[in-house]
Amino acid sequence: MVTSMGIRNNPSQDQHETLDPRDPQQRRARIEAHIEQLRRTSRKGLWGILIFAVISVLAVSVQDIDPLQHLSPQVRQLLGKPPSPDLINIALAVYSFSALILTLSRLADRAETYKGWSHLGYLTGFYLFYFLSHALQVNAWAVIIAGFTILGLEYYSLYSYTQEAIAREKEILQRLQHLNQDSAGSDNDDRGAGS
Amino acid sequence: MACRKQGGNGWRRWLETLGLLAAGMELMFPVTTLASSQGSGEQDGLLMLLFWGFVLMVVGAQLVPGLVRLVQILWRFWRG
């Protein structure tokens, strides 16, 4: 907005004034930007799987190390005994069951939300507790299978949602294109009739 | 329709809060065990406390919403 003194005092307001929601060019640009954003969102799931794969490789490579071996007796006493592998197994089973229900229901609801980052945190926690109780060698595969299943389903849920949304947006783009062609054709007809 | 959906979400929130409270009470068990085990040799310590905190998070953020969702699905299925 330009004042009487010739000073531009609010550029964002000025931008709003030039935006016309019915302008086909701007509408098309907005839709294309939304499609690009949806494509970026769908790649989030792949990043989650990749980071989990890296964490799993790290966990498997340190599974033979005893983390509490080099600690002083005072620190060991403060830390106490690690949780038993049976308890961690139960917690992993409960977690996997609940996460699968939630992920499958999101898949059925066609929801946009991605919960892969929190799952990465939980799965890393399970690796850590198995590692501390010297049970990673036996139980690493359980975490790997649970992790890839949950994160794979999360990715598929997000991917299917974004693909549907992209298809809808492309359909709107096509309709806009047809409308533009029709209006351009009728303008030409009017001009032809006028001359 | 919107009111019905809002009502449903309200119930879900209440159930989730109840589940969190139950999980909090569950956490009291290892905390009291830890307090009573002090001075009786190497028993439960910080690692167990961390583990039970982790279990609380799993229960509050995954198990309770998961069970609520499962009950909702079964309820919908039962009602046709």
Side-chain angles (χ1 to χ4, degrees), chain A residues 67-68 71-109 111 113 115-135 143 146-147 150 153-154, chain B residues 1 4-6 8-9 11-13 15-16 18-20 22-24 26-27 29-79:
Chain A
L68 305 175
L71 296 175
S72 66
Q74 286 88 359
V75 176
R76 283 193 75 159
Q77 199 178 358
L78 178 74
L79 290 176
K81 63 174 185 188
S84 72
D86 288 341
L87 268 180
I88 308 172
N89 284 343
I90 294 169
L92 180 65
V94 167
Y95 161 75
S96 307
F97 168 75
S98 321
L100 280 176
I101 291 173
L102 288 173
T103 309
L104 286 172
S105 69
R106 269 201 299 277
L107 181 65
D109 291 345
T113 46
K115 301 273 183 180
W117 305 126
S118 62
H119 288 307
L120 268 181
Y122 289 120
L123 292 162
T124 310
F126 281 112
Y127 274 135
L128 200 69
F129 284 117
Y130 277 128
F131 176 59
L132 289 169
S133 49
H134 319 291
V143 186
I150 292 164
L153 278 170
E154 281 282 345
Chain B
M1 182 73 184
R4 201 177 149 187
K5 198 176 174 184
Q6 218 172 20
N9 283 340
W11 270 109
R12 198 173 152 180
R13 221 168 286 142
L15 280 170
E16 282 176 12
L18 277 175
L20 273 173
E26 188 195 4
L27 185 72
F29 172 69
V31 170
T32 47
T33 313
L34 177 65
S36 64
S37 71
Q38 294 296 311
S40 61
E42 204 218 30
Q43 289 290 316
D44 292 346
L46 204 59
L47 286 179
M48 278 305 275
L49 196 65
L50 269 175
F51 177 71
W52 285 113
F54 181 72
V55 169
L56 170 73
M57 274 171 59
V58 169
V59 169
Q62 299 290 319
L63 181 66
V64 176
L67 286 179
V68 169
R69 192 79 192 114
L70 188 66
V71 169
Q72 276 182 339
I73 291 166
L74 290 174
W75 178 250
R76 246 184 254 167
F77 180 73
W78 183 64
R79 286 180 74 190

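Within every chain, numbering begins at 1; the chains are lettered A, B, ... in the order of the sequence lines, protein sequences first and strands thereafter.
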Please look at [X] and chain B and tell me whether the side chain, the backbone, both or neither of the residue comes under 4.5 angstrom of a heavy atom of that chain.
{"X": "A:Ile88", "answer": "both"}
{"X": "A:Leu128", "answer": "neither"}
{"X": "A:Phe126", "answer": "both"}

TODO: Taking A:Glu154 for its side chain and A:Lys115 for its backbone only, find out whether a donor-acceptor pair lies under 3.5 Å.
DONE: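 Answer holds: yes.
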Tell me, do [X] and [Y] make a side-chain contact under 4.5 Å, heavy atoms counted?
{"X": "A:Ile150", "Y": "A:Tyr122", "answer": "no"}
{"X": "A:Lys81", "Y": "B:Leu47", "answer": "no"}
{"X": "B:Gln62", "Y": "A:His119", "answer": "yes"}

Quick one: what part of [X] sits under 4.5 Å from any heavy atom of chain A, side chain, backbone, both or neither?
{"X": "B:Phe51", "value": "both"}
{"X": "B:Leu67", "value": "side chain"}
{"X": "B:Ile73", "value": "side chain"}

- [ ] Can you label the angle between the A:Phe129 ring and the B:Phe54 ring as parallel, tilted or perpendicular, going by 30° and 60°?
- [x]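 Correct class here is tilted.
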